[in-house]
Amino acid sequence: MAGALEIVGFLMSLVGNLITGVTLSSDHWKTSTVHGSVITTSIVYENLWKSCAADSTGVSNCKKFDSMLSLPVHIQVCRALMIISLILGLLSCILSLFGLKCTKFGTSDEHKKGKIALGGGLLFILAGLLCLVAVSWYAAMITAQFFNPLYLGTKYELGSALYIGWAGSLLAVLGGSFLCCSFKKKKPAAKTGAYKYNYNDPDSDFKQFKERKETSVASKAYA
């Protein structure tokens, strides 16, 4: 059962990490809304690296952000969180491979393999949480600008990449949790040559003594 749980957790986390990479490279983190707009022939969409505009014919033009320091703080932080999440996910995949019981990498001790798988599962959970924070923060900024009546810039809606990122982070967290749950603590071995003390209840000893005395008195009286 623990071996099957390990494999399922590793596969879920691996798929979640791959989805995180797809999320980072996707162009549609946010898409311009047509709500309240007269011009609907062009659509503007952005991700963490560039801004693109597509017309009704399907032709799109993209422009990378010129300066990183001129970007809003949440975009810079989301970049860092997504990159760290991918790095942790890669390290988790390598570490978990050495900890799976069905593999012959590294040590052959199952308890040590379980500890390695536990470490990989914790890293998977951390990677999933970092991706979740980045995607949720980006989505929160989009919704805050959309519902702010004083915001005069272009209003956007949630892009498909955000939903993909939520799914990937959920898979990574669940897979890492399965890896952690598959670890079992080693049962302590019984000490050999240890002195065992048997505790006897004084009340039970007194009752036995009393019964013996009554039996002997009764036997004497009968004689």
Side-chain angles (χ1 to χ4, degrees), residues 9 11-37 39-56 58-93 120-177:
L11 292 178
M12 289 178 63
S13 302
L14 181 61
V15 173
N17 192 37
L18 293 176
I19 293 177
T20 301
V22 173
T23 303
L24 183 60
S25 61
S26 178
D27 293 334
H28 295 81
W29 277 63
K30 62 180 180 179
T31 307
S32 60
T33 180
V34 296
H35 176 70
S37 178
I39 303 174
T40 59
T41 57
S42 62
I43 298 176
V44 180
Y45 53 92
E46 293 183 5
N47 63 1
L48 299 177
W49 314 99
K50 59 186 177 181
S51 175
C52 301
D55 56 16
S56 58
V59 179
S60 60
N61 295 316
C62 297
K63 181 182 178 182
K64 293 183 178 180
F65 297 134
D66 298 329
S67 175
M68 184 185 70
L69 298 178
S70 62
L71 293 174
V73 176
H74 73 280
I75 294 182
Q76 299 183 34
V77 176
C78 288
R79 280 184 178 182
L81 291 177
M82 292 298 292
I83 292 174
I84 295 174
S85 176
L86 283 178
I87 295 174
L88 287 178
L90 180 60
L91 293 176
S92 304
C93 291
L122 292 175
L123 287 180
F124 270 128
I125 294 175
L126 181 58
L129 291 177
L130 290 178
C131 177
L132 181 63
V133 170
V135 173
S136 300
W137 190 2
Y138 197 92
M141 294 301 297
I142 294 174
T143 54
Q145 293 175 357
F146 185 87
F147 292 107
N148 186 7
L150 301 178
Y151 182 72
L152 302 178
T154 305
K155 293 188 176 182
Y156 294 87
E157 293 184 357
L158 303 181
S160 59
L162 299 180
Y163 299 100
I164 297 173
W166 279 320
S169 60
L170 182 61
L171 283 175
V173 171
L174 286 178
S177 301

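Note that the coordinates shown come from a computational prediction; the quantities given were computed from them, not determined experimentally.
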Quick check against the 3.5 Å criterion: does [X] have a side-chain atom that pairs as donor or acceptor with the backbone of [Y]?
X      : Y      : result
Ser136 : Val133 : no
Gln76  : Met68  : yes
Ser70  : Asp66  : no
Lys63  : Ser51  : no
Ser26  : Ala161 : no
Ser60  : Ala54  : no

Excluding sequence neighbours, so at least two apart, what forms salt bridge (charged side-chain N to carboxylate O under 4.0 Å, His left out) with Lys64?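 Checked Lys64 against salt bridge (charged side-chain N to carboxylate O under 4.0 Å, His left out); zero matches.
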How far does [atom1] of [X] sit from [atom2] of [Y], to the nearest 0.5 angstrom?
X      : Y      : atom1 : atom2 : value
Lys155 : Thr143 : NZ    : OG1   : 12.0 Å
Ile83  : Leu130 : CD1   : CG    : 12.0 Å
Leu123 : Leu88  : CG    : CG    : 6.0 Å
Tyr45  : Ser32  : OH    : OG    : 10.5 Å
Thr20  : Leu90  : OG1   : CG    : 12.0 Å
Leu81  : Leu129 : CG    : CG    : 11.0 Å

[X] side chain near [Y] side chain, heavy-atom distance below 4.5 Å:
X      : Y      : result
Glu157 : Ile142 : no
Leu24  : Arg79  : no
Ser177 : Ile125 : yes
Thr23  : Trp166 : no
Leu132 : Val173 : no
Cys93  : Phe124 : yes
Asn17  : Ser92  : no

What are the two closest non-hydrogen atoms of [X] and [Y], and how far apart are they?
X      : Y      : answer
Cys78  : Ala134 : SG-O, 3.3 Å
Met12  : Gly175 : CB-CA, 3.9 Å
Gly128 : Ala172 : CA-CB, 3.9 Å

Look at the aromatic rings of Trp29 and Tyr138 and report parallel, tilted or perpendicular, splitting at 30° and 60°. perpendicular
Can you pull out every salt bridge (charged side-chain N to carboxylate O under 4.0 Å, His left out) where at least one residue sits in residues 22-33? Sequence neighbours excluded, please.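 Listed by first then second residue: Asp27-Lys50, Lys30-Glu46.
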